[in-house]
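Everything below concerns the one structure shown next.
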There are 2 protein chains.
Amino acid sequence: MTENVTVKTLARELNVSIATVSKALNDSHEISIETKQKVLALAKKLKYERNPSASNLRSQKTKTIAVIVPEIANSFFSLAINGIEEIARKRDYHVLIYQTHENSEIETAFTESLVCGRVDGILISISSSTNSSSHFKSLVKKIPVVFFDRALDDIDAIKVTTDDYQSAYQATLHLIENGCKNIAYLSALSKLDTGKKRIQGYFDALKNKGLSFNKGLMVTHDPDRDKTYNRIKNLLIIQKPDAIISSVEEMVIPAYNACKALDLRIPDDVKILSFSNLSTAALLNPSLTTITQPAFEIGQEAAGFLFKLLDKKYITTEEIPVMKSVLIKRDSTSGHT
Amino acid sequence: MTENVTVKTLARELNVSIATVSKALNDSHEISIETKQKVLALAKKLKYERNPSASNLRSQKTKTIAVIVPEIANSFFSLAINGIEEIARKRDYHVLIYQTHENSEIETAFTESLVCGRVDGILISISSSTNSSSHFKSLVKKIPVVFFDRALDDIDAIKVTTDDYQSAYQATLHLIENGCKNIAYLSALSKLDTGKKRIQGYFDALKNKGLSFNKGLMVTHDPDRDKTYNRIKNLLIIQKPDAIISSVEEMVIPAYNACKALDLRIPDDVKILSFSNLSTAALLNPSLTTITQPAFEIGQEAAGFLFKLLDKKYITTEEIPVMKSVLIKRDSTSGHT
DNA sequence: GCAATTCACTTAAACGTATTCGTAAATAAA
DNA sequence: TTTATTTACGAATACGTTTAAGTGAATTGC
């Protein structure tokens, strides 16, 4: 192992001080153009690489942001991360990714391991099992944080979300217009803003169209996949709904499977639609009607705001957009031919 | 902003030296149990958090590994990352994720920004556009690296891969047994080991079963999605294959779409199978026969080996397993009923 | 009983960079 | 010419941690 090349090496070689080298590398105005060129040239020649730890320690900046999401293996989040990453790359920032697997203790542990200067800022979409906001309240005081998609209403912070109420309302309306009268709802994220608004949109659409709702029509998500599947199956057997709205992508696959198992035809016996960013939605059997969120753009927006915070720019509430989801109608909710 | 609590704060408060505090926090045997307890107690009380930059700088360890993949929004890679992340979390390591988007220049830039001590080790699955191994050769000399799934044959490093040859061979055989005689191949990764072996398996199966091959049956992947789609469409029109093997997940969706556009029935007119980890494969129309790689386990294995390297343990070639993919037969390749 | 060892702790020096402050020379202003 | 300002650089320090080396006291060995 040859000796590491540091600013000291460059300084020695060029007969200047390490301060000069450091300033030259940071393109300081205090250094003449000729000296800068000399330094840069030698740095390139000796393949000098700035030591990030030392730099971070001194400057108290890490050029790194953290992204905390429930799960990467989820089309919405992987697309959102793509959006975040695009913005981060433009600013030469590194991206640290953490998955909570919907576990709020892991979530807390992650955030706590981050506040002490490992990252400059955090982008987070909170876990479905999180029900207390106190931890996040103290977090946002310590470090720039932007929430995306999943947030809690009593936290005063920047949140980039979608029009969950509107899109759930619209989706329910779509089913009603196609003749459904007994619409079930697969519920998740009910502790979060996101989930609450989606349910409310569903409720209000039912009410405004004079449809009744009974508790049995609501099935909640369980971390245990089999449980979720069985709940959906029971729903289909007992309530015999003519439509199902899935509030999350993870519940629509078991819904399809349950229909298959019970020999129920989609959309003839039961129509199904789901909040989803599945790339294969159009190719499913039958093709799935989705409420698709602009995942990539949400990532971009959220990252954009985080960088504004890092730049100490003031952000007004009005400039934070509510992103628009789109209802893509496909065969799984089509009316009778 | 209140003053940051550092080892110095703790030392002052307890009337001991900062060395004692540091050692106590690191559970050094040089420190008495009582002192350790006192330090830990105060650290907890004052919410002391070790500064990672300072720690990294001094100890030359970052407790961070990098994962470089072509794309997160790909079932295989997101699952592999899950496997990696599981192992990393057990060791309290952080995971930095980089996407190359199949661009080898971005790939090079990333690796170069990492060698100077930002991470302790790298897990990488190389981009399809990478054709020179020279850069990686120098990389593995500087920092522990483990390749997974996608590797180049002339690099001497640890590689966790699957039985690409075997599974492509078996898949081709499956189609031949179901009566196919004119089997097309959607090729990707042809510069990498992975791709080469898959093609070879396909070739050998054809040859061993006395089937001919013509160049027209091979369609190569293009970064431009429309181009890929059109190439597949042309293939179907001109060559009229009775089966298609897709060597990557990204090409099977356009294949399905092309069939739809041309009114070709799957599997009656053309059978399709693909290397894929799509969670919705069973729900597609028709359900898709896949060669599914043990993505999660590959991630685990690769991360395991990286940590062995970090622990300076010697790794013998024999202990590196070749992971087994599995051919899951579904409707898209079923024979006539 | 005295040397050798162990114990528990301290001193001091790193790790590599960024930055404040100082300064000598060069230039501009008066 | 004298003074003020700018330019281009250097000395020194700080960031917060880890660790090699050293130290005095207590314990052990023979």
Side-chain angles (χ1 to χ4, degrees), chain A residues 1-40 42-43 46-64 92 113-120, chain B residues 1-40 42-43 46-64 92 113-120:
Chain A
M1 193 93 102
T2 95
E3 192 209 351
N4 247 333
V5 28
T6 73
V7 280
K8 214 183 268 177
T9 324
L10 301 182
R12 201 191 314 130
E13 207 83 5
L14 292 170
N15 271 319
V16 295
S17 74
I18 61 169
T20 304
V21 173
S22 174
K23 286 173 187 170
L25 291 171
N26 289 320
D27 202 25
S28 160
H29 62 92
E30 287 182 44
I31 304 298
S32 71
I33 315 163
E34 303 90 58
T35 313
K36 277 183 194 171
Q37 285 174 341
K38 265 193 252 168
V39 173
L40 265 335
L42 186 66
L46 300 186
K47 289 182 184 166
Y48 165 80
E49 295 277 353
R50 163 198 272 107
N51 181 310
S53 300
S55 181
N56 296 347
L57 175 60
R58 182 60 234 245
S59 65
Q60 309 280 30
K61 302 246 147 97
T62 63
K63 282 231 156 202
T64 305
D92 251 320
S113 79
L114 293 174
V115 288
C116 53
R118 185 173 285 273
V119 297
D120 295 344
Chain B
M1 192 92 103
T2 95
E3 192 210 351
N4 247 333
V5 27
T6 74
V7 280
K8 214 183 268 176
T9 324
L10 302 182
R12 200 191 314 129
E13 207 84 6
L14 292 169
N15 271 319
V16 295
S17 74
I18 62 168
T20 305
V21 173
S22 174
K23 285 175 186 168
L25 291 171
N26 288 320
D27 203 25
S28 160
H29 62 93
E30 287 181 44
I31 305 298
S32 72
I33 314 161
E34 303 90 57
T35 313
K36 277 182 194 170
Q37 286 173 341
K38 265 193 254 169
V39 172
L40 265 336
L42 187 66
L46 299 186
K47 290 183 183 164
Y48 165 79
E49 295 276 354
R50 163 197 275 107
N51 181 310
S53 300
S55 180
N56 297 347
L57 175 60
R58 182 58 234 243
S59 64
Q60 308 281 32
K61 302 248 144 97
T62 63
K63 282 228 154 204
T64 305
D92 252 318
S113 80
L114 292 174
V115 288
C116 54
R118 185 174 284 273
V119 297
D120 295 344

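Numbered from 1 within each chain, the chains take letters A, B, ... in sequence-line order.
Of all non-hydrogen atoms in A/Leu25 and A/Tyr48, the two that sit nearest each other are CD1-CE2, 3.5 Å. Closest approach of A/Leu40 and A/Ala24 over heavy atoms only: CD2-O, 4.4 Å. Taking all atoms of both residues into account, the shortest heavy-atom contact from B/Pro52 to A/Cys116 is CD-O, 3.3 Å.
To the nearest angstrom, P of D/dT19 lies 12 Å from CG of B/Leu57. In this structure, CZ of B/Arg50 is placed 11 Å from C1' of D/dG16, rounded to the nearest angstrom. One atom, NZ of A/Lys8, and another, P of D/dA11, lie 14 Å apart when rounded to the nearest Å.
The main-chain N or O of A/Lys61 is never found under 3.5 Å from a side-chain atom of A/Asp120 such that the two would form a donor-acceptor pair. Panel note: side chain A/Thr64, backbone A/Thr62; a donor-acceptor pair is recorded below 3.5 Å. Side chain of B/Thr20 to backbone of B/Ile18: no donor-acceptor contact under 3.5 angstrom is found. Looking only at distances, a side-chain donor or acceptor of B/Lys36 sits under 3.5 Å from a matching main-chain atom of B/Ser28. A distance-only check finds a donor-acceptor pair linking the side chain of A/Ser59 to the backbone of A/Ser55 [under 3.5 Å].
The side chain of B/Ser55 approaches D/dT18 more closely than any other nucleotide in the set D/dT18, D/dG16, D/dC15.
Within residues 27-37 of chain B, the residues having any heavy atom closer than 4.0 Å to DNA chain C are, in order of number, B/Glu30, B/Ile31, B/Ser32, B/Thr35.
Think of the region where chain B sits on DNA chain C: with heavy atoms and a 4.0 Å cut, that region ends 5' and 3' at C/dA8 to C/dG16.
Within the 4.0 Å cut-off from OP1 or OP2 of D/dT17, not a single side-chain nitrogen or oxygen of B/Asn56 is found.
In this structure, B/Ile18 and A/Glu49 both approach DNA chain C, and ranking their closest nucleotides by distance from the 5' end singles out B/Ile18. Sequence order on DNA chain C of the closest nucleotides to A/Pro52 and A/Lys23 puts A/Pro52 first from the 5' end.
No side-chain donor from either of B/Arg118 and A/Asn56 sits under 3.5 Å from a side-chain acceptor of the other.
When heavy atoms are screened at a 4.0 angstrom cut-off, B/Thr20 is found touching base atoms of the nucleic acid.
Summary of helix geometry: the two end axes of the helix from C/dG1-D/dC30 to C/dA30-D/dT1, each defined by five base pairs via their C1' atoms, are inclined to each other by 30° (rounded to 10°).
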